[in-house]
Trainee: 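First the structure, then my questions, so here it is.
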Amino acid sequence: MQIMDGKKVAAEIKDEIAREVDQIKNSGGKIPHLAAILVGNDPPSETYVAGKVRVCEEVGFKSTLVRFTDDISEERLIEAVRDLNKNPDVDGFIVQLPLPEHISEPNIIESIDPHKDVDGFHPVNIGRMVLGLPSFVSATPAGIIELIRRYDIPTAGRSCLVIGRSNIVGRPLSNLLSLKRYPGNATVTLAHSKTTNLPGLILESDIIIAALGSPEFITGEMIKEGAVVIDVGITRVKSDFTKSGYKLIGDVKFDEVAPKCSFITPVPGGVGPMTIISLLRNTLLASKSKRFG
Ligand code: GUN
């Protein structure tokens with residue numbers, strides 16, 4: 001059994017990006033610039049955005065945080081998006097989700113210039129990704145694909161079960177893994193809350209991607225010997241044994257499942273650290289104007 005160490009791989013990629021930014025600076029090029037729009041003060045969103053800004057600074061990117069109170073109108077938010085679309089100094093930007101209920105997320109996402117949509121949420125980017133064309137791919141699926149690549153995990157012809165059909169994780173990932181390339185060429189099943197016989201599907205799968213958000217749902221007896229298990233779940237639960245008073249639990253009962261696996265991601269330290277890195281990679285791509293590529 002081999003652990004897929006997302007923390008280590010993410011640190012390597014961060015170094016690669018930082019070196020590239022150094023070269024850009026030394027040759028007098030434009031420093032990559034990521035902007036983030038944050039509406040309201042939802043605590044997890046505050047944490048995510050602060051993390052994104054911090055990592056940007058660590059690799060030498062420029063970053064800008066644009067904040068609005070949660071009573072902002074949809075029209076005003078679209079105006080702010082258009083300002084960033086037009087701003088030549090901003091290479092890419094994100095609008096942190098979720099947004100307040102009176103604002104339509106699809107309307108906001110569709111107002112983002114697809115060339116600056118480093119979250120890969122715009123329908124143009126999703127459509128291009130599904131077609132296998134160069135596009136910005138959203139952070140978690142891109143991070144998982146990169147982990148599979150760096151650990152050289154075979155995917156062609158293998159049965160791959162993606163559990164969870166969110167627009168941000170499960171749906172894009174199921175498309176990426178079925179594309180005619182590596183990592184891809186897998187026989188993909190996308191399971192969701194209406195799926196019947198989920199245990200049967202898990203047991204016959206070579207690669208299982210758990211993104212259902214149900215702590216320790218997948219137990220040792222549910223998987224076959226030699227399976228690859230990628231755990232996207234992060235549920236925060238109270239703990240007396242950590243400094244913060246909380247710990248993160250994945251969708252997989254790691255101690256039981258790991259001994260049966262060929263590869264497995266831990267929580268924390270697996271998929272999580274890879275996600276922010278993907279956003280940095282997309283921003284670097286956007287800044288080099290190698291659009292969609
Ligand atoms: N909310 C949760 N994850 C994400 C993400 O990757 N991007 C944005 N914009 N919002 C999120």
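Counting convention: from 1, in listed order, for ligands and their atoms alike.
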Trainee: Would you find a donor on one side and an acceptor on the other, under 3.5 Å apart, between the side chain of Ser205 and the backbone of Ile208?
Mentor: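 Looks like no, no N/O pair under 3.5 Å.
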
Trainee: Show the numbers, then the answer: is there a side chain to side chain donor-acceptor pair (under 3.5 Å) between Asp119 and Ser138?
Mentor: CA-CA 5 Å; Asp119 254 335; Ser138 59; over 6 Å; no

Trainee: Is the side chain of Asp251 donor-acceptor paired with the backbone N or O of Glu216 at a distance under 3.5 Å, no angle test?
Mentor: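 Between the backbone of Glu216 and the side chain of Asp251 there is no qualifying donor-acceptor contact (under 3.5 Å).
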
Trainee: Would you please say whether a donor-acceptor pair under 3.5 Å links the side chains of His33 and Thr64?
Mentor: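 His33 vs Thr64: donor-acceptor pair found between side chains.
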
Trainee: Donor-acceptor pair, Lys14 side chain versus Val55 backbone, under 3.5 Å?
Mentor: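 Side chain of Lys14 to backbone of Val55: no pair is present.
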
Trainee: Using the rule that Ile, Leu, Val, Met, Phe, Trp and Tyr join whenever any side-chain heavy atoms are under 4.5 Å apart, tell me whether Phe217 and Ile249 fall into a single cluster.
Mentor: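 No, Phe217 does not connect to Ile249 through the hydrophobic network.
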
Trainee: Kindly tell me which protein residues have any non-hydrogen atom under 4.0 angstrom away from an atom of ligand 1, grouped by chain and ordered by number?
Mentor: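 Those residues closer than 4.0 Å to ligand 1 by some heavy atom are Lys52, Val95, Gln96, Leu97, Asp119, Phe121.
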
